[in-house]
Student: 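Please see the structure below; I have some questions.
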Amino acid sequence: MEQVELFDILLKRKFSMGINKETISSALKQIINYHLDMDTLRSSLFNVFIANLRTVDAKEIAIEQCHHFLMGLKQRTITPEETWVWKDDEYSRERNINELIETVFKLKMELCEYESAIRYFKSNIQEESKEDALFSLLNKLKTYNQKDYWLREYEEAIKKGIRPREELQFTYQYLKENGEFNIDEDM
């Protein structure tokens, strides 16, 4: 059995008793501290987590708890369990922070809180450069087929002096000319 399947079963059982602040917090701790095999991405566990949140209330509690964990990781008041994976590894900490940000983004998108999702992502994402953050945001907006927001964010970035990579420039041109994303193009 794959880790993702096992985690899905575990969450279904945990959430069958009711979804509240404690069960969501516990699930997030498990994701952050979960020892992964070489075939599993932590983002896959976050996706399973999101898929198991079926109500608006559950998603709102998850947003609140993700933000709590995010702030704790940023301020170093929350530290993951000491495992051979962590060992106070800055890269792992930043990766978990970004995965929590992406989880909040996805949950807000599912709640149709598009503006809020974009603001949250932009104000919290930790990337090497502004262009990397733009690339990540535009990729997510494309996944949700949010053409107008994609164009707006691209054009705002240009005004701020950010030079998007060529593939974003091509996507922009195609979107302006055709009014839709090129389905043959992957970011």
Side-chain angles (χ1 to χ4, degrees), residues 1-113 117-118 120-121 124-128 132-133 135-146 183 185-187:
M1 178 179 289
E2 292 183 17
Q3 279 188 315
V4 172
E5 291 176 65
L6 182 61
F7 188 65
D8 187 44
I9 291 167
L10 178 109
L11 280 183
K12 283 180 178 18
R13 183 163 292 164
K14 180 184 296 260
F15 290 166
S16 71
M17 307 295 187
I19 297 178
N20 56 41
K21 183 178 175 180
E22 289 75 28
T23 55
I24 288 177
S25 177
S26 172
L28 287 169
K29 284 178 189 172
Q30 287 177 310
I31 294 170
I32 290 171
N33 293 314
Y34 211 82
H35 175 72
L36 301 176
D37 63 33
M38 293 178 62
D39 297 324
T40 305
L41 298 173
R42 197 163 310 278
S43 60
S44 299
L45 299 180
F46 276 107
N47 288 337
V48 167
F49 170 73
I50 291 169
N52 277 282
L53 301 172
R54 307 225 186 263
T55 66
V56 170
D57 287 343
K59 290 174 183 173
E60 288 174 348
I61 293 169
I63 289 169
E64 173 190 309
Q65 289 302 301
C66 283
H67 183 72
H68 170 75
F69 276 89
L70 170 70
M71 291 297 109
L73 286 171
K74 278 186 169 182
Q75 298 166 359
R76 299 178 193 277
T77 57
I78 293 176
T79 55
E81 292 176 6
E82 280 291 316
T83 65
W84 70 272
V85 176
W86 271 89
K87 300 289 187 210
D88 197 29
D89 179 2
E90 187 64 21
Y91 173 77
S92 296
R93 187 180 75 79
E94 285 185 15
R95 188 182 67 234
N96 271 300
I97 287 170
N98 283 343
E99 286 173 350
L100 285 165
I101 292 164
E102 290 177 16
T103 300
V104 170
F105 177 86
K106 290 174 184 176
L107 289 166
K108 287 179 177 274
M109 293 299 282
E110 286 188 13
L111 294 171
C112 300
E113 296 175 5
I118 292 167
Y120 191 85
F121 185 89
N124 288 291
I125 197 70
Q126 297 188 346
E127 291 289 349
E128 291 292 317
D132 287 339
F135 179 79
S136 184
L137 175 61
L138 294 180
N139 191 24
K140 286 165 188 17
L141 290 172
K142 184 177 178 183
T143 299
Y144 285 93
N145 199 32
Q146 293 296 317
I183 57 172
E185 172 190 67
D186 280 330
M187 279 208 262

Student: Holding to salt bridge (charged side-chain N to carboxylate O under 4.0 Å, His left out), I want the full list of residues that pass it with Lys29, two or more places apart in sequence or in another chain.
Tutor: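 So Lys29 forms no salt bridge (charged side-chain N to carboxylate O under 4.0 Å, His left out) with any residue.
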
Student: Glu99: what forms a salt bridge (charged side-chain N to carboxylate O under 4.0 Å, His left out) with it, not counting sequence neighbours?
Tutor: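 Once residues adjacent in sequence are excluded, Glu99 has no partner under the salt bridge (charged side-chain N to carboxylate O under 4.0 Å, His left out) criterion.
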
Student: Rounded at 0.5 Å granularity, tell me how far CG in Asn96 sits from OG in Ser43.
Tutor: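 Asn96 atom CG to Ser43 atom OG measures 11.0 Å (nearest 0.5 Å).
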
Student: Can you measure from CD (Glu2) to CG (Asp8) and round to the nearest 0.5 angstrom?
Tutor: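 One gets 11.5 Å once the value is rounded to the nearest 0.5 Å.
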
Student: Please say which of Gln65, Lys59, Glu64 ends up in a side-chain contact (heavy atoms from CB on, under 4.5 Å) with Ile61.
Tutor: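 Answer to the side-chain contact (heavy atoms from CB on, under 4.5 Å) test with Ile61 among Gln65, Lys59, Glu64: Gln65.
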
Student: Which heavy atom in Ile24 sits nearest to a heavy atom in Ala58, and how many Å separate them?
Tutor: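 Where Ile24 meets Ala58 most closely, the heavy atoms are CD1-O, 3.5 Å.
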
Student: Look up atom NZ in Lys106 and atom CG in Leu53, then write down how far apart they are to the nearest 0.5 Å.
Tutor: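 Lys106 NZ to Leu53 CG: 12.5 Å, rounded to 0.5 Å.
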
Student: If I take atom CE from residue Met71 and atom NE2 from residue His67, how far apart are they, to the nearest 0.5 angstrom?
Tutor: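 These two atoms lie 4.5 Å from each other.
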
Student: Are there more than 12 heavy atoms of other residues, nucleotides or ligands under 6.0 Å from atom NZ of Lys12?
Tutor: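 Result for NZ/Lys12: enclosed.
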
Student: Which heavy atom in Ser44 sits nearest to a heavy atom in Val4, and how many Å separate them?
Tutor: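 Distance-wise, the nearest heavy atoms are CB-CG2, 3.8 Å.
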
Student: Per the side-chain contact (heavy atoms from CB on, under 4.5 Å) rule, which among Leu6, Asn52, Thr23, Ile19 passes with Leu11?
Tutor: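 Output: one option passes, namely Asn52.
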
Student: Is any side-chain heavy atom of Leu70 closer than 4.5 Å to a side-chain heavy atom of Asn124?
Tutor: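 With C-beta onward as the side chain, the pair touches.
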
Student: What residues, two or more places apart in sequence or in another chain, satisfy salt bridge (charged side-chain N to carboxylate O under 4.0 Å, His left out) together with Asp132?
Tutor: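 Once residues adjacent in sequence are excluded, the partners of Asp132 under the salt bridge (charged side-chain N to carboxylate O under 4.0 Å, His left out) criterion are Arg165.
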
Student: Who passes ring pair (Phe, Tyr, Trp, His ring centres under 6.0 Å) against Phe7, sequence neighbours left out?
Tutor: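 Counting only residues at least two positions away or on another chain, Phe7 forms a ring pair (Phe, Tyr, Trp, His ring centres under 6.0 Å) with Tyr34.
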
Student: Within the structure provided, determine whether Phe105 and Lys140 are in side-chain contact (heavy-atom separation under 4.5 Å).
Tutor: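 In contact.
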
Student: Return the minimal non-hydrogen interatomic distance between Leu107 and Ile63, and the atom names on each side.
Tutor: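 That closest heavy-atom pairing would be CB-CG1, 3.7 Å.
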
Student: Kindly indicate whether the side chain of Leu137, heavy atoms from C-beta on, has any atom under 4.5 Å from the side chain of Ile125.
Tutor: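 Result no, sub-4.5 Å side-chain heavy-atom pair not found.
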
Student: Can you tell me how far apart CD1 (Ile118) and CD (Gln146) are? Round to the nearest 0.5 Å.
Tutor: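 If I round to the nearest 0.5 Å, the distance is 7.5 Å.
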
Student: From Phe121 CZ over to Lys108 NZ, what is the distance, rounded to the nearest 0.5 angstrom?
Tutor: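 Rounded to the nearest 0.5 Å, the CZ-NZ separation comes to 14.0 Å.
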
Student: Search all heavy atoms of Asn98 against all heavy atoms of Glu127 and return the closest pair with its distance.
Tutor: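 Taking Asn98 first and Glu127 second, the nearest heavy atoms are ND2-OE2, 4.2 Å.
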
Student: Could you list the residues that satisfy ring pair (Phe, Tyr, Trp, His ring centres under 6.0 Å) with Phe49, not counting sequence neighbours?
Tutor: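 Checked Phe49 against ring pair (Phe, Tyr, Trp, His ring centres under 6.0 Å); zero matches.
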
Student: Write down the atom of Gln3, the atom of Thr40, and the distance for their closest heavy-atom approach.
Tutor: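 Heavy-atom minimum between the residues: OE1-OG1, 3.2 Å.
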
Student: Do Leu28 and Leu100 touch side chain to side chain, with heavy atoms closer than 4.5 Å?
Tutor: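 In contact.
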
Student: Treating Ser136 as the side-chain partner and Ala133 as the backbone partner, does any N or O pair qualify as donor plus acceptor under 3.5 Å?
Tutor: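 Looks like no, no N/O pair under 3.5 Å.
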
Student: Can you name the ring pair (Phe, Tyr, Trp, His ring centres under 6.0 Å) partners of Phe15, sequence neighbours left out?
Tutor: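 For Phe15, no residue satisfies ring pair (Phe, Tyr, Trp, His ring centres under 6.0 Å) once neighbours in sequence are set aside.
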
Student: Considering only heavy atoms from C-beta outward, does the side chain of Glu60 approach that of Leu111 to under 4.5 Å?
Tutor: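 With C-beta onward as the side chain, the pair touches.
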
